[in-house]
Colleague: 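The following block contains the structure, expressed as structure tokens.
All ligand and atom numbering here is 1-based and tracks the order in the structure.
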Amino acid sequence: MIHKLVIALSKGRILKETILLLNSIGIFFKKKYLLSRKLILKTNNSNIKIILVRAFDVPIYVNYGVADLGIVGRDVLFEHNLKNLYHLTDLKISKCRLSIISKSNFDYLKFINSGLKLCVATKYINITRKYFLSKNININLIKLSGSLELSPLIGLSNIIVDLIDTGLTLKENNLIEIKCILKVSSQLIINKSSLKFKNNFLQSIFKIFKKNINL
Ligand code: PRT
Ligand code: MG
């Protein structure tokens, strides 16, 4: 018996690479969908649907089982730490890194040795809290949702924890990378129940994944 499958993809910057990857395993949808505001997309396989959601929400849709599979950055996956999904494989696309960043004239080591409380702004509060706890560094955490780079420039925080790809944003804003705390690339995730109840269909898809992508 064939079961329908829903795949959750991130809108935005990693969509292009993700679509190429799906194309390489034989899943296609009409390009005109991307120019529209459609959020549920039919594919060339009548048993596979795509939903387009915000990068940060992909694991949530998969966790609740409304999407069977999802493609999402390791940054988002680690931040959520959800229980109803399995991490299947590293797709090795959309690579970047999550790093501690400061103004170029900020003396990080001196500051953390001074006993003053470090003020950290980030979108990744769980990863950040865990990291500084493991280093025994006391912090004040401020949650922001975007344009993090502005925070140390304007004096809202001493540092930020944010993603870096080319490093251009840092360069243009007189910021520097102090330390990388997580290497990021896109991951294939699956809902636990889907794996149980749609196993045959999923196995056939994984086979194609394995054959076509160097995993
Ligand atoms: O941006 P928006 O608020 O709409 O949504 P979002 O941030 O939830 O999603 P989106 O589309 O930005 O995609 C985020 C996902 O893309 C992340 O979860 C990562 O897995 C992946 N990714 C890969 C990146 C980058 N590279 C990246 N460089 N996400 C964000 N950036 C940002 C970074 O935050 C910084 O502001 O790009 C800037 C730095 O880029 P460089 O090249 O100047 O270093
Ligand atoms: Mg973004």
Colleague: Determine whether more than 12 heavy atoms belonging to other residues, nucleotides or ligands lie under 6.0 Å from atom NZ of K196.
Modeller: no
Colleague: Just do the ring pair (Phe, Tyr, Trp, His ring centres under 6.0 Å) check on F78 and Y131 with the steps written out, would you?
Modeller: CA-CA 12 Å; F78 276 31; Y131 174 80; over 10 Å; no
Colleague: So, for P152 and I160, which heavy atoms are closest and what is the spacing to 0.1 Å?
Modeller: CD-CG2, 3.5 Å
Colleague: What atoms of ligand 1 come within less than 4.0 Å of a heavy atom belonging to G73?
Modeller: 20 (O)
Colleague: For atom 31 (N) of ligand 1, find the nearest protein heavy atom and state the residue, atom name and distance (0.1 Å precision).
Modeller: R13 CZ, 3.3 Å
Colleague: I need the atoms of ligand 1 closer than 4.0 Å to a non-hydrogen atom of C96, numbered in the order shown.
Modeller: 22 (N), 23 (C), 25 (C), 26 (N)
Colleague: What protein heavy atom is closest to atom 7 (O) of ligand 1, reported as residue, atom name and distance in Å?
Modeller: K123 NZ, 2.8 Å
Colleague: Using a strict threshold of under 4.0 Å (side-chain N to carboxylate O), is an ion pair present between D162 and K123?
Modeller: no
Colleague: For ligand 1, note which part of V184 has a heavy atom under 4.0 Å away: side chain, backbone, both or neither.
Modeller: side chain
Colleague: Would you mind telling me which of N173, L170, I176 makes a side-chain contact (heavy atoms from CB on, under 4.5 Å) with I101?
Modeller: L170
Colleague: Considering non-hydrogen atoms of the protein only, which is the closest contact for atom 17 (C) of ligand 1, and what is the distance?
Modeller: D75 OD2, 3.2 Å
Colleague: Which of the atoms in ligand 1, numbered in the order shown and given with their element, are less than 4.0 Å from a heavy-atom of K11?
Modeller: 11 (O)
Colleague: Not counting sequence neighbours, which residues clear ring-ring contact (aromatic ring centres under 6.0 Å, His included) with F106? List them please.
Modeller: F111
Colleague: Does ligand 1 have a heavy atom under 4.0 Å from the side chain of D165, from its backbone, from both, or from neither?
Modeller: both
Colleague: In terms of residue, atom name and distance, what is the protein heavy atom nearest to atom 14 (C) of ligand 1?
Modeller: A55 CB, 4.0 Å
Colleague: Measuring from atom CD of E149 to atom CG of N174, what distance do you get when rounded to the nearest 0.5 angstrom?
Modeller: 13.0 Å
Colleague: At what distance is the nearest protein heavy atom to atom 39 (C) of ligand 1, and which residue and atom is it?
Modeller: T169 OG1, 3.4 Å
Colleague: How about L69 and L5: do any of their side-chain heavy atoms sit closer than 4.5 Å?
Modeller: yes
Colleague: Tell me which protein heavy atom sits closest to atom 21 (C) of ligand 1, plus the residue, atom name and distance to 0.1 Å.
Modeller: I14 CG2, 3.5 Å
Colleague: For atom 36 (O) of ligand 1, what is the nearest protein heavy atom, given as residue, atom name and distance?
Modeller: E149 OE2, 2.7 Å
Colleague: T166 versus ligand 1: do any nitrogen or oxygen atoms come within less than 3.5 Å of each other?
Modeller: yes
Colleague: Which of the numbered atoms in ligand 1 are below 4.0 angstrom from a heavy atom of L168?
Modeller: 43 (O), 44 (O)
Colleague: Can you sort out the partners of S99 under side chain to side chain donor-acceptor pair (under 3.5 Å), two or more places apart, ordered by chain and number?
Modeller: E177
Colleague: Output yes when a protein non-hydrogen atom is found under 4.0 Å of atom 1 (O) of ligand 1, and no otherwise.
Modeller: no
Colleague: N199 side chain to Q203 main-chain N or O, any donor-acceptor pair under 3.5 Å?
Modeller: no
Colleague: How does R54 reach ligand 1, if at all, at less than 4.0 Å between non-hydrogen atoms: by side chain, backbone, both, or neither?
Modeller: side chain
Colleague: Looking only at N/O atoms, are Y124 and ligand 1 under 3.5 Å apart anywhere?
Modeller: no
Colleague: Within the 4.0 Å heavy-atom shell around V76, which atoms of ligand 1 are there?
Modeller: 18 (O)
Colleague: Looking at I164, which atoms of ligand 1 are within less than 4.0 Å of one of its heavy atoms?
Modeller: 44 (O)
Colleague: Please find the pair of heavy atoms, one from V184 and one from R74, that lie closest to each other, and give the distance.
Modeller: CG1-N, 3.9 Å
Colleague: Where is the nearest protein heavy atom to atom 34 (O) of ligand 1: which residue, which atom, and how far?
Modeller: D162 OD1, 3.2 Å
Colleague: Would you say ligand 1 has an N or O under 3.5 Å from any N or O of G167?
Modeller: yes
Colleague: For residues N84 and Y64, is any side-chain donor paired with an opposing acceptor at under 3.5 Å?
Modeller: no
Colleague: Do you know the tightest heavy-atom contact between L82 and P59?
Modeller: CD1-O, 3.4 Å
Colleague: Is a donor on one side and an acceptor on the other found under 3.5 Å between the side chain of D57 and the backbone of V53?
Modeller: no
Colleague: Hey, is R74 one of the residues with a heavy atom under 4.0 angstrom from ligand 1?
Modeller: no
Colleague: Need the ligand 1 atom indices (1-based, order shown) with element for anything under 4.0 Å from a heavy-atom of G12.
Modeller: 11 (O)
